[in-house]
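Comments concern the structure below.
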Amino acid sequence: MELYNEYERYSRQIQLKDFGMEGQQKLGRARVLVVGAGGLGCPILLYLAAAGVGNLGIVDHDRVAIHNLHRQVLYRTPDIGKLKAEIAAEHLQQLNPGIRIHAYTDWLNSANAAAILSNYDLVIDGSDNFATRYMINDACVLLGKPLVYGAIAEFEAQVALFNAARENEISANYRDIFPEPPSPGEVLNCAEAGVLGILPGITGTIMANEAIKLLTGIGQPLINRLYTFNALTYQTLELEIRAGSSTRSLIPANLETFAQTDYEWLCSSKDALAELDHGAFGDLCEQP
């Protein structure tokens, strides 16, 4: 593809004075892994691919189902039954042929997570269960990888940026908000509680924006901050996250120990999901 056409593709954001060609080149060199190609992952992937992130990894072992289509906007009715990561990669490559996309269709677990995550500069967690969420967090801490976190339930959402503290700051991680998962049966899952279809789009777009800000050095990313949003009232709340020494002890000491950790067992159930409680700032979920 001609350089002229590539410039035209990104010309509107290159024209931004705080972005420019330098910002575009940073995106082109970036390697971003998106875990989960569902309600959150779809808008994240669409906007990062369109923006010109040069290397995108997609991790998802699930297949497209009809109940996904009201919110997982990368897929169409003929895609039902197909692997999400492969179909997402195909559609994104059509959107932007100038980027490289790698689809991982195996189940992400503690045995293969470190090897996959180590190939990327930034990890974005669009997962929908506690086992994966805690595993990704712990791997990113051990590997020193920045992590964009987001989750939704019904009408509410939250977003944060972990492991990305600036000089002289201590990086917070997911366990600094939620040290341990809730007990089985303590919270509703999204299949029971439901989710407004547009909310993953809003939340995923915010997550993609955080990734672009961090990769290009513009704006004020949500480093050590938790942002919450209510789609019905447009009420927002932002909390400062403080790193705690006690929560660091909950993370495996090294990658060897991490690889031997059974996060499914630790979290009691692969499908344990939660909804937001503004009083306790509980976790959020997005049904696959």
Side-chain angles (χ1 to χ4, degrees), residues 23 26-27 29-60 88 92 104 108 113 116-130 132-153 156-166 169 171-178 199-229 236 238-241 243 276 281 283-286:
K26 288 179 179 178
L27 288 184
R29 294 191 296 267
R31 300 180 61 86
V32 177
L33 181 70
V34 179
V35 180
L40 295 173
C42 285
I44 293 167
L45 289 164
L46 277 167
Y47 276 101
L48 293 186
V53 171
N55 301 273
L56 276 177
I58 308 170
V59 180
D60 201 311
L92 293 169
Y104 300 88
L108 189 70
I116 295 174
L117 270 61
S118 62
N119 294 317
Y120 295 87
D121 308 315
L122 172 67
V123 179
I124 305 180
D125 180 8
S127 65
D128 57 10
N129 63 84
F130 284 119
T132 302
R133 193 163 291 156
Y134 281 92
M135 178 184 66
I136 293 170
N137 174 78
D138 293 356
C140 285
V141 171
L142 292 170
L143 293 168
K145 301 289 183 181
L147 172 64
V148 178
Y149 155 77
I152 62 172
E156 302 183 69
Q158 58 185 200
V159 178
L161 180 55
F162 301 126
N163 306 323
R166 299 179 179 89
E169 291 181 336
S171 292
N173 68 80
Y174 180 70
R175 289 186 185 269
D176 289 313
I177 313 174
F178 311 111
L199 184 58
I202 296 170
T203 310
T205 303
I206 294 172
M207 295 169 71
N209 187 50
E210 288 305 300
I212 290 173
K213 285 157 60 180
L214 186 67
L215 292 169
T216 60
I218 63 173
Q220 298 179 346
L222 289 170
I223 296 172
N224 290 1
R225 292 182 291 155
L226 178 70
Y227 172 83
T228 70
F229 169 79
T236 63
E238 190 175 304
L239 298 177
E240 180 181 355
I241 308 168
L276 179 64
F281 293 98
D283 200 12
L284 298 163
C285 67
E286 205 285 314

- Query: Under 3.5 Å, is there a donor-acceptor pair between the side chain of Lys145 and the main chain of Tyr120?
  - Reply: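 Flag set: sc Lys145 to bb Tyr120 pair under 3.5 Å.
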Contact summary for [X] and [Y], nearest pair of heavy atoms:
X      : Y      : answer
Thr203 : Ala157 : OG1-CB, 3.2 Å
Pro221 : Gly219 : CD-O, 3.5 Å
Asn224 : Ala172 : OD1-N, 3.0 Å
Ala153 : Leu199 : O-CD2, 4.3 Å
Leu122 : Pro146 : CD1-O, 3.4 Å
Gly150 : Met207 : N-CE, 3.4 Å

- Message: Tell me whether the rings of Phe229 and Tyr227 are parallel (<30°), tilted (30 to 60°) or perpendicular (>60°).
- Response: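 Rings of Phe229 and Tyr227: parallel, as their planes differ by under 30°.
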- Task: Look at the rings of Tyr149 and Tyr174 and say which category their plane angle falls in: under 30° parallel, 30 to 60° tilted, over 60° perpendicular.
- Result: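 Tilted: the ring planes of Tyr149 and Tyr174 meet at 30° to 60°.
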Side-chain polar contacts of residues 38-58 - donor-acceptor pairs under 3.5 angstrom, sequence neighbours left out - could you list them?
from	atom 1	to	atom 2	distance (Å)
Asn55	OD1	Arg100	NE	2.8
Asn55	OD1	Arg100	NH2	3.4
Asn55	ND2	Ala30	O	3.3

- Task: Given side-chain contact (heavy atoms from CB on, under 4.5 Å), test Ile124 with Val35 step by step and report yes or no.
- Result: CA-CA 6 Å; Ile124 305 180; Val35 180; over 6 Å; no
- Item | Partner set under salt bridge (Lys or Arg N to Asp or Glu O under 4.0 Å) for Asp60, not counting sequence neighbours |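 Once residues adjacent in sequence are excluded, Asp60 has no partner under the salt bridge (Lys or Arg N to Asp or Glu O under 4.0 Å) criterion.
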- Query: Among Leu222, Thr228, Leu226, which one satisfies side-chain contact (heavy atoms from CB on, under 4.5 Å) with Val159?
  - Reply: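 Only match with Val159 under side-chain contact (heavy atoms from CB on, under 4.5 Å): Leu222.
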- Check against side-chain contact (heavy atoms from CB on, under 4.5 Å), Phe178 and Tyr134: CA-CA 9 Å; Phe178 311 111; Tyr134 281 92; 3.4 Å; yes
- Message: For residues 211-229, which residue pairs pass the salt bridge (charged side-chain N to carboxylate O under 4.0 Å, His left out) check, not counting sequence neighbours?
- Response: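 Applying salt bridge (charged side-chain N to carboxylate O under 4.0 Å, His left out) to every pair that reaches into residues 211-229, excluding sequence neighbours, yields Glu210-Lys213, Arg225-Glu238.
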- Scan Asn163, Asp125, Thr132, Asn173 and name whichever one has a side-chain hydrogen bond (donor to acceptor under 3.5 Å, both in side chains) with Asn137.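 Filter result, single survivor: Asn173.
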- Message: What verdict does the side-chain contact (heavy atoms from CB on, under 4.5 Å) test give for Arg175 and Asp138, after you've listed the backbone C-alpha separation in whole Å, the side-chain angles of each residue and the deciding distance to 0.1 Å?
- Response: CA-CA 9 Å; Arg175 289 186 185 269; Asp138 293 356; 2.8 Å; yes
